[in-house]
Amino acid sequence: MNKNFIQEEILRSSGVNPKKCMKCGKCSATCPAYDEMEYHPHQFVSMVENGDIEPLMNSKSLYRCLSCFACIDRCPRSVQPAKLVEAVRLAVVRQQGKNHLTANDIPELIDDETPQQLLVSAFRKYTK
Amino acid sequence: MQRVGVFVCWCGSNIAGTVDVAAVAEALKNEPGVVFSTDYQYMCSQAGQDIIKNAIAEHNLTGIVVCSCSPRMHEATFRKTAAAAGLNPYMVEIANIREQCSWVHKDMTTGTEKAIILGKAAVAKVNLNTPLTPGESPVTKRALVIGGGIAGIQTALDIADAGFPVDIVETKPTIGGKMAQLDKTFPTLDCAACILTPKMVDVAQNEKIRIFSYSEVEEVGGFVGNFDVKIKKKARYVKEDICTGCGACVDKCPMKKNPNEFNLGMDNRPAIYIPFAQAVPKVATIDPNACNMLKNGKCGLCARVCAAGAIDYTQKDEIIEEKYGAIVVATGFNPISMEKFDEFAYNQSKDVITSLEFERLTNAAGPTAGHLERPSDGKSPKTIVFVQCVGSRCDACSEKGKEYCSKICCMYTAKHAMLTRDKYPDTDVYVFYIDVRTPGKNFDEFYRRAVEEFGVKYIKGMVGKVTPEGDKLKVQASDLLSNKQLHIDADLVVLAAAIEPDKSARPLATMLTASMDTNDFFTEAHPKLRPVESPTAGVFLSGACQGPKDIPETVSQAGAAASKVIGLLAKDKLTGNPCVAHSNELMCNGCSSCERVCPYGAITYEDKEFRMPNRTTKIRRVASVNPAVCQGCGACTVACPSGAMDLKGFANSQIIAEVDAICK
């Protein structure tokens with residue numbers, strides 16, 4: 001799919017304007033799942049801004065975000081990085097067509113580190 | 001009938017690019033009263049002005065219309081030109097065919113059409129113009145400075161130096177302001193008190209300066225050159241002229257546990273106190289909310305120990321009325337509240353402090369006598385984390401912070417970090433920054449010294465959260481350049497809180513009818529060319545009340561404001577604006593509508609005797625306008641139901657003539 005189309009889609013569905021970011025890194029400073037991520041919250045913002053979406057879509061980082069919204073709460077520029085993460089996740093799901101998360105996929109995703117609440121919320125989101 | 005000359009300006013290509021100026025001059029030739037019409041490349045140039053002067057003489061003109069830029073730009077220029085040619089300057093009308101026409105249109109046809117219409121309106125108006133002569137008002141040769149910080153002190157000293165009397169109104173018991181609370185000043189590291197207190201003493205000893213400390217401005221009336229101000233001198237329960245500042249009462253007062261405002265509540269002061277050793281005036285003040293004698297009538301110890309007999313428990317607030325020619329606002333700033341920044345645990349831990357509190361902690365006259373100790377347990381901190389931009393540079397819809405850069409934090413944080421490393425070399429000092437902004441003389445060099453010579457660890461990134469755990473503060477932060485999340489066990493966290501205008505600024509602006517921006521900083525008359533004047537005539541701005549500033553900038557602005565005040569006070573008379581309201585007494589029905597809408601208090605009512613038929617007389621109540629106070633806003637002319645109120649230079653008939661010309 002067209003790279004620009006996905007970028008626009010992500011910006012539209014998230015309602016985030018990454019140009020507001022002043023690159024202070026407070027989102028990454030506040031993130032409790034930072035060490036689990038390959039791409040950190042501030043990188044999400046700059047990569048989406050630069051249209052560098054594909055590595056994000058292929059990254060496990062997408063599913064490490066706890067959706068705790070601490071980054072949204074503390075961002076001085078009201079950028080809302082967690083909403084971008086959510087929008088990228090959605091873009092991935094949409095590309096998969098009907099191949100959403102099923103109950104059978106869950107055991108594979110369970111490990112000691114991932115909070116159960118994340119799986120519950122993911123299951124709720126990606127299942128019809 | 002007037003003999004009108006029309007002068008159409010090209011303004012280079014600014015107007016001529018979108019308006020066919022020759023066609024405008026040609027079209028206006030046929031308007032009633034017009035006897036001469038021409039166009040020229042730059043009407044405001046000497047050659048252009050000569051065209052106007054010659055035409056006035058040659059064609060015996062009684063009124064002129066200049067189709068050019070906004071009257072804000074060159075109305076004064078063309079009025080002077082007319083006056084030089086012997087024409088009353090108020091017989092000049094400007095048709096704004098640049099800002100309101102050529103600049104906003106792209107098409108030559110519509111641009112030209114509109115320029116002609118604007119020209120016609122101006123011609124219609126000038127036909128009804130009458131020569132006006134401005135009135136004069138005397139100037140009270142005394143200035144009022146509101147705020148006694150470094151801005152107010154410097155302004156007052158400079159005005160007094162020129163020989164004019166100045167009063168300083170300061171709400172605290174002493175002058176000195178924020179600078180008195182600072183330890184050292186960047187980038188030279190002079191001790192703040194060492195350079196400030198001599199100035200405070202100069203103020204106290206200057207015969208031209210009166211200090212109203214512990215006082216507030218209560219009411220402002222009047223206008224430039226003639227302000228009437230009421231100042232409330234709050235009861236300090238100590239006779240200022242008798243108290244010697246010996247401090248015996250302060251030592252003996254039994255009510256010792258009250259938060260000390262001067263040290264930002266980090267230690268206590270008695271109910272009767274002198275804020276600090278070098279206070280000016282050095283006079284004790286009783287805090288009525290803490291004094292047992294004032295609250296319950298029991299104690300009176302201070303009165304007994306006062307050898308001078310200065311204590312007066314019956315003292316009342318006093319209102320002082322004084323006239324001033326000019327007012328300088330120097331109300332300064334405060335750090336914003338950290339209440340809403342939960343992530344930094346300011347409310348949870350005593351060891352999370354603001355930078356101003358850090359100043360007091362390192363100040364030799366502060367609560368710890370200058371030894372850097374943790375507020376919680378008095379231990380020496382071994383790891384200190386400084387956080388920049390707390391509440392500055394926030395998004396417009398942020399409820400916590402401010403949209404602007406507070407300007408001074410980068411430098412004072414570099415200073416704090418450097419001084420800490422200098423005095424306590426075994427301390428680890430981290431500074432988390434988003435950008436380091438050091439655009440000042442020797443500023444960047446200073447910051448580089450902090451890093452290179454003193455080993456301060458500057459980390460590009462922000463602190464995300466601070467969690468008190470045991471006697472440590474767990475700091476979680478990001479290091480953007482190495483793309484890592486850092487976890488630091490700190491002993492002390494210092495927040496560079498954004499600064500905001502003092503809370504007293506907004507009500508004061510209302511009293512002065514001076515304008516403010518959305519952040520409550522006073523607005524200057526022109527952001528570049530008139531930076532120390534408020535748009536309200538006679539009101540000047542000094543220091544951080546106009547925008548965040550460091551000390552050198554504040555002092556420069558204070559001097560600039562003083563020079564503007566001196567320029568005003570040096571005049572014996574002020575020429576007023578002749579375009580003021582006047583009332584036709586025969587038509588006035590005495591309804592008071594105009595008096596109610598006048599924002600300047602220029603309208604009063606008086607009972608006047610009028611001749612009636614058959615040699616009888618009748619007393620009627622009619623409006624009268626004080627032309628010196630009237631600013632010519634025209635609110636009264638709109639409110640007047642009988643049409644008695646009219647504005648000179650903008651008469652109802654003139655406005656209607658303009659509208660008619662446009663609609664014709």
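Throughout, protein chains are lettered first and strands after them, A, B, ... in sequence-line order, and every chain is numbered starting at 1.
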Looking at [Y] and [X], is there a salt bridge between them, counting it only when a charged N and a carboxylate O are closer than 4.0 Å?
X       : Y       : value
K472(B) : D489(B) : no
R12(A)  : E9(A)   : yes
K382(B) : D426(B) : yes

- Query: Who wins among C31(A), C27(A), C71(A) for the most heavy-atom pairs under 4.5 Å with chain B?
  - Reply: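 Going by pairs under 4.5 Å, I would pick C31(A).
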- Task: Let me know if D342(B) has heavy atoms under 4.5 Å from chain A in its side chain, its backbone, both or neither.
- Result: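 Contact with chain A is absent: no heavy atom of D342(B) under 4.5 Å.
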- Task: Check F432(B), F344(B), F358(B) against F386(B) for a ring-ring contact (aromatic ring centres under 6.0 Å, His included) and give me the one that passes.
- Result: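 Checked F432(B), F344(B), F358(B) against F386(B); only one passes ring-ring contact (aromatic ring centres under 6.0 Å, His included): F358(B).
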- Message: Ring centroids only, cut at 6.0 angstrom: are F186(B) and F443(B) within range, meaning strictly under it?
- Response: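 Here the rings of F443(B) and F186(B) have centres that are less than 6.0 Å from each other.
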- Which one, L480(B), V463(B), N483(B), L486(B), leads in non-hydrogen pairs under 4.5 Å with chain A?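 Most pairs with chain A among the choices: N483(B).
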- Query: Looking at M462(B), K465(B), Q485(B), which has the largest count of heavy-atom pairs under 4.5 Å with chain A?
  - Reply: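 Going by pairs under 4.5 Å, I would pick Q485(B).
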- Message: Suppose the criterion is ring pair (Phe, Tyr, Trp, His ring centres under 6.0 Å): which pairs have a residue in residues 450-476 of chain B, not counting sequence neighbours?
- Response: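 Listed once each, the pairs are Y433(B)-Y458(B), Y447(B)-Y458(B).
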- Query: chain B heavy atoms under 4.5 Å from K20(A): which part of the residue, side chain, backbone, both or neither?
  - Reply: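 The side chain, not the backbone.
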- In residues 389-410 of chain B, which residues are in contact with chain A at a heavy-atom separation under 4.5 Å?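 Those residues of residues 389-410 of chain B which have a heavy atom under 4.5 Å from chain A are R393(B), C394(B), D395(B), C397(B), S398(B), K400(B).
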- Message: To check you understand the geometry: which heavy-atom pair defines the closest contact between D517(B) and T523(B), and what is its length?
- Response: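 Looks like N-OG1, 3.5 Å.
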- Are more than 12 heavy atoms from other residues, nucleotides or ligands located less than 6.0 Å from atom CG of D112(A)?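 It does not: D112(A) CG has 12 such atoms or fewer within range.
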